[in-house]
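When a ligand or atom number is given, it counts from 1 through the structure's own listing order.
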Amino acid sequence: MTDQPVNYVIIVGPQGAGKGTQAAAVAPQLGLEHVATGDLFRAILKSDSELGDEVRQYYDQGALVPDDLTIRVLFAHIEQLQRGRPDLTGVLLDGFPRNAAQAEALDSALAERGEAISAVVLVDVPRDELMKRLTGRLICADCGATYHREFNPPASEGACDQCGGELFQRSDDTPEAVEKRLGIYYEQTEPILDHYREQGILIEVDGNREINTVTKAILESLKQRVSN
Ligand code: ADP
Ligand code: ADP
Ligand code: ZN
């Protein structure tokens, strides 16, 4: 661990709100490293290991991976990032924390290191929009960039604009798994937002607008909160 203070910003919202899309747009501009627990698990799934078999049992059902395993994977990743980049100024957490136990684990891990959360950005979209967004979502197999068949199509069908990689549909973007994941969000994740609201660090952004409009609103709201 280095002495460099790290800004922790969280981006939260229901599945399909546009967290991944927005994180990719704003993180580089704010000097933050985008860390998405879902991406960490997808990398583990690809690795064809025992850990991958364990994660798959939860992932494909749209269930949460157990907290202890999730926390271990996340903090191991952040420590590895910091070792590789001693100049790291901040992390944009996407997909974590998702329940009260994870929020507490994050608070205590940061307190131990003399660090704190700078801001929590809630990107919100009405539930009836989310299914359309998720069942049309396409992801690049090589760089993870996110597209939508209708709302944000790639320039040439099936190929990533950024790197030419092949686009695929996530195994858990089926209507059944989406319903289950949204249910977990409203039951377990949304309630933890009060904790951040009380601390005065919750920023609410209307995600039901054009992608670029949402990006501008997030950048504007974070400008003063993220120092580097
Ligand atoms: P999340 O990470 O919150 O689950 P994504 O960023 O993966 O959400 O976005 C979900 C889907 O919705 C993707 O297919 C994405 O291209 C599309 N999308 C994201 N933001 C918008 C928006 N503002 N308007 C329309 N579609 C969007
Ligand atoms: P989504 O938010 O659209 O469900 P993610 O890409 O964030 O998708 O996560 C995909 C899957 O990875 C989740 O359904 C869950 O199985 C696992 N996962 C991601 N983040 C967490 C977390 N914080 N705690 C437990 N499981 C997680
Ligand atoms: Zn790509």
Distance from [atom] to nearest protein heavy atom, with residue and atom:
atom: atom 7 (O) of ligand 2; value: Arg98 NH2, 2.5 Å
atom: atom 26 (N) of ligand 2; value: Val65 N, 3.0 Å
atom: atom 27 (C) of ligand 2; value: Phe41 CE1, 3.6 Å
atom: atom 23 (N) of ligand 2; value: Gly95 O, 2.8 Å
atom: atom 24 (N) of ligand 2; value: Gln102 NE2, 2.9 Å
atom: atom 8 (O) of ligand 1; value: Gly18 N, 3.1 Å
atom: atom 2 (O) of ligand 1; value: Gly20 N, 2.9 Å

Can you tell me if Gly13 has a non-hydrogen atom under 4.0 Å from ligand 1? no
Mark the output for Gly38 as yes if a heavy-atom distance to ligand 1 is under 4.0 Å, and as no if none is. no
Asp172/Tyr59 under side chain to side chain contact (heavy atoms under 4.5 Å, CB included): CA gap, chis, key distance, verdict: CA-CA 7 Å; Asp172 60 343; Tyr59 185 99; 3.6 Å; yes
Treating Ile, Leu, Val, Met, Phe, Trp and Tyr as nodes and any side-chain heavy-atom pair under 4.5 angstrom as an edge, say whether Ile184 and Val178 lie in one connected cluster. no
Please say whether [X] places an N or O atom under 3.5 Å from an N or O atom belonging to ligand 1.
X: Tyr147; value: yes
X: Arg137; value: yes
X: Phe151; value: no
X: Leu134; value: no

Element-labelled atoms of ligand 2 that are located less than 4.0 Å from some non-hydrogen atom of [X]:
X: Thr37; result: 19 (C), 20 (N), 21 (C), 23 (N)
X: Tyr59; result: 10 (C), 11 (C), 12 (O), 16 (O)
X: Arg42; result: 6 (O), 10 (C)
X: Phe96; result: 23 (N)

Would you indicate which of [options] comes nearest to [atom] when only heavy atoms are counted?
atom: atom 19 (C) of ligand 1; options: Thr21, Val178, Ile11; value: Thr21
atom: atom 4 (O) of ligand 2; options: Arg181, Gln61, Lys19, Arg170; value: Arg181
atom: atom 15 (C) of ligand 2; options: Ala177, Ala63, Ala17; value: Ala63
atom: atom 22 (C) of ligand 1; options: Glu210, Gln15, Arg133; value: Arg133

Just checking, any donor-acceptor pair under 3.5 angstrom between side chains of [X] and [Y]?
X: Tyr185; Y: Arg98; result: no
X: Gln15; Y: Arg137; result: no
X: His195; Y: Asp107; result: yes

Near Asp194 CG, under 6.0 Å, is it more than 12 heavy atoms from other residues, nucleotides or ligands?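 Atom CG in Asp194 is packed in, count exceeds 12.
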Given Gln22 and Ile211, is the side chain to side chain contact (heavy atoms under 4.5 Å, CB included) satisfied, shown in steps? CA-CA 8 Å; Gln22 296 301 333; Ile211 292 176; 3.7 Å; yes
Separation between CG of Asp124 and CG of Asp206, rounded to the nearest 0.5 Å: 8.5 Å
Atom pair CD/CD of Gln102 and Glu104 - distance to nearest 0.5 Å: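 With rounding to 0.5 Å, CD (Gln102) is 11.0 Å from CD (Glu104).
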Select one of side chain, backbone, both or neither to describe which atoms of Arg209 lie under 4.0 Å from any atom of ligand 1, heavy atoms only. backbone
Record the part of Pro14 in heavy-atom contact with ligand 1 below 4.0 Å; permitted values are side chain, backbone, both and neither. backbone
Roughly, to 10 degrees, what angle do Cys163 atom SG and Cys143 atom SG form around the Zn ion (ligand 3)?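 Between SG of Cys163 and SG of Cys143, the angle at the Zn ion (ligand 3) is about 120°.
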Any ion pair linking [Y] and [X] (charged N to carboxylate O, less than 4.0 Å)?
X: Arg72; Y: Asp67; answer: no
X: Lys216; Y: Glu210; answer: no
X: Asp94; Y: Lys19; answer: no
X: Lys132; Y: Glu150; answer: no

Determine, stepwise, if the pair Ile203 / Leu222 fulfils side chain to side chain contact (heavy atoms under 4.5 Å, CB included). CA-CA 9 Å; Ile203 298 167; Leu222 283 178; 4.0 Å; yes
Test side chain to side chain contact (heavy atoms under 4.5 Å, CB included) applied to Tyr8 and Ile78, step by step: CA-CA 11 Å; Tyr8 283 85; Ile78 292 176; 3.8 Å; yes
Per-residue contact class, Thr70 against ligand 2 - non-hydrogen pairs under 4.0 Å: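 Looking at Thr70 and ligand 2, just side chain atoms fall under 4.0 Å.
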